[in-house]
Amino acid sequence: MKFEISHRDGGSSARAGLLTTDHGIIESPFFMPVGTAGAVKALHVSDLNTEIKAQIMLSNTYHLYLRPGSDIVAKAGGLHKFNGWQKPILTDSGGYQIYSLGAMRKFTDDGVVFQSHIDGSRHAFTPEKAMDVQRQLGADIIMAFDECTPYPCDEAYARKSLKRTHYWLSRCITHFNITDCPHGYRQSLFPIVQGSVYPGLRVESAKFISDQGAEGNAIGGLSVGEPASMMYEMTALVCDILPTDKPRYLMGVGTPANILESVALGVDMFDCVIPTRNGRNGMLFTRNGIINIKNEKWKDDFSPLEADGEVFADQIYSKAFLRHLFISKEILSAMIATTHNLGFYIWLMKEARKKIIEGHFIEWKERMVKQLMQRL
RNA sequence: GGGGGGAUACCAGAGCGGUCAAAUGGGGCAGACUGUAAAUCUGUUGGCGCAGCCUUCGGAGGUUCGAAUCCUCCUCUCCCCA
């Protein structure tokens, strides 16, 4: 994998670059649509590729491990062959999913013992296991096995957890280095900075992560309920320490505003379920602001979803029609909303990149943040 | 013609003397959702000067301290037999 920064914004830490993988080149900064179980919900890979023009998708180790099983995906020849997506893929290690299980899991220093949310069966994940499974799945970028701390989280626990995440990282790297991708192309391992909302821990973690010399670095444990200002503060702190010449990935973020603010801080990669999940629940992100398409006010608004939108659904469908589909619980409602929202997110990243290259990202960002987050 | 049910809030449908402004669904309206246990979940759905009051359970009377709940008549419905 290769990362080359071509442009830097004058008024912020934003940068534009190219990330090269064995499945293609990605223009940064970029957003990764989330396809938890190997598919972006309500979407064909052809639409993700041709219409939405996503450059990379994200998938999940935890989910694919439980179902259909990483051996099945490996037998298919890896996730790209299994789901038909030929561009780059990133898999999350499963740390976050297991954290989300709440009472159904238990962390130990060796790893995590958890129960499947599907059938309650018991499983154990260790750093080595997370590497093995991700080798089998065959994503271009794989993530270290970490513990995502909740918010709030007391400092003592955050410190203990951080120590564990760092210990696990060492084991991930060791195991990663003695294994190979069984599908004949290269994979990169990204470590994850933790430390909750404690500056001291974040700095310590960012230094430790930087010292690993990975091809890219991630910031985790944010956007878990803390105030946005705190998230930006931690992100800024960490970005100042992480290597400049390596891609930075802010995990799980976020709203259009969150993303633009973080791009300004020097983040290159994002993923979030908001455009897909909220889309399925009737929330549309548009260039003028946020729409709850289920609201009565749209019932006779026959204007297109997004007059200047680049995705076919933006032009073809009206707000009133999409509202009708949602109210009628038609499957197409989820497809249209997902297509629109992801199209919007990808467009937003492309615009951000353009503004960085032009050198006036920050002014544009200020204007967009206000505009994009207002409720229509 | 004879016999037997039933009429409850937008709809369906509980309640069968006080704890009922009235269960539960659906529908309506609104909100939430940030490395997806989510095509999910939550709130709300008679009125008002809203920790209280007012008007509601087909209509009109009546019994009772007190009725959606009991009695009488009326109206409308549904079912069975001729």
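Just so we're on the same page: letters track the sequence lines, and every chain starts at 1. Computed over heavy atoms, backbone and side chain alike; hydrogens, waters and symmetry mates excluded.
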Which nucleotide in the set [options] lies at the smallest distance from any side-chain heavy atom of [X]?
{"X": "N278(A)", "options": "C33(B), U34(B), G35(B)", "result": "C33(B)"}
{"X": "R323(A)", "options": "C29(B), G27(B), A39(B)", "result": "C29(B)"}
{"X": "N281(A)", "options": "A39(B), C29(B), U34(B)", "result": "A39(B)"}
{"X": "N295(A)", "options": "G35(B), A39(B), G31(B)", "result": "G31(B)"}

Counting only side-chain N and O atoms of [X], is one of them less than 4.0 Å from OP1 or OP2 of [N]?
{"X": "K299(A)", "N": "C29(B)", "answer": "no"}
{"X": "N292(A)", "N": "A32(B)", "answer": "no"}
{"X": "T255(A)", "N": "U34(B)", "answer": "no"}

Using a heavy-atom cut-off of 4.0 Å across all strands, would you classify [X] as base, sugar-phosphate, or nothing?
{"X": "Q194(A)", "value": "base"}
{"X": "R375(A)", "value": "sugar-phosphate"}
{"X": "G221(A)", "value": "base"}

Rounded [atom1] spacing from [N] to [M] in Å:
{"N": "U56(B)", "M": "A22(B)", "atom1": "P", "result": "16 Å"}
{"N": "C73(B)", "M": "A21(B)", "atom1": "C1'", "result": "29 Å"}
{"N": "U64(B)", "M": "G28(B)", "atom1": "C1'", "result": "40 Å"}
{"N": "A51(B)", "M": "A32(B)", "atom1": "C1'", "result": "28 Å"}
{"N": "G15(B)", "M": "U8(B)", "atom1": "C1'", "result": "9 Å"}

Supply the atom-to-atom distance [X] [atom1] to [Y] [atom2], rounded to the nearest 0.5 angstrom.
{"X": "L260(A)", "Y": "L265(A)", "atom1": "CG", "atom2": "CG", "answer": "11.0 Å"}
{"X": "Y99(A)", "Y": "R105(A)", "atom1": "OH", "atom2": "CZ", "answer": "8.5 Å"}
{"X": "K297(A)", "Y": "N292(A)", "atom1": "NZ", "atom2": "CG", "answer": "9.5 Å"}

Between the protein and nucleotides 41-45 of chain B, which nitrogen or oxygen pairs are less than 3.5 angstrom apart?
none

Mind listing the side-chain donor-acceptor pairs of residues 194-203 of chain A below 3.5 Å, one per line with the distance, residues two or more places apart or on another chain?
unit_1, atom_1, unit_2, atom_2, d
Q194(A), NE2, D146(A), OD2, 2.7
Y198(A), OH, C153(A), O, 2.5
Y198(A), OH, E155(A), N, 3.3
R202(A), NE, S196(A), O, 2.6
R202(A), NH1, V193(A), O, 3.3
R202(A), NH1, Q194(A), O, 3.4
R202(A), NH1, G220(A), O, 3.0
R202(A), NH2, S196(A), O, 3.0
R202(A), NH2, G220(A), O, 2.9

Verdict with reasoning, C272(A) to F31(A), per side chain to side chain contact (heavy atoms under 4.5 Å, CB included): CA-CA 8 Å; C272(A) 189; F31(A) 178 81; 3.9 Å; yes

message: Should the side chain of N60(A) and the base of G35(B) be counted as holding a donor-acceptor pair, with the cut-off at 3.5 Å?
response: no

- request: Kindly state whether the ring of H340(A) and the ring of Y345(A) have centres lying under 6.0 angstrom apart.
  value: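 No, they do not, as the ring centres are separated by 6.0 Å or more.
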
field: Separation of atom CE in M234(A) from atom P in G35(B), rounded to whole Å
entry: 20 Å

- request: Take atom CD of E296(A) and atom C1' of G28(B), then tell me their distance rounded to the nearest Å.
  value: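 After rounding, the gap between these two atoms is 8 Å.
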
Which atom pairs, one a donor and one an acceptor, fall under 3.5 Å between side chains of residues 1-13 of chain A and the rest of the protein, sequence neighbours left out?
unit_1, atom_1, unit_2, atom_2, d
S6(A), OG, A16(A), O, 3.2
D9(A), OD1, F361(A), N, 3.0
D9(A), OD2, G11(A), N, 3.3
D9(A), OD2, S12(A), N, 3.1
D9(A), OD2, S12(A), OG, 2.7
S12(A), OG, A14(A), N, 3.1

Which residues in [range] have at least one heavy atom lying under 4.0 Å from any atom of RNA chain B?
{"range": "residues 110-143 of chain A", "result": "H117(A)"}
{"range": "residues 260-277 of chain A", "result": "D271(A), C272(A), V273(A), I274(A), T276(A), R277(A)"}
{"range": "residues 28-40 of chain A", "result": "V34(A), T36(A)"}

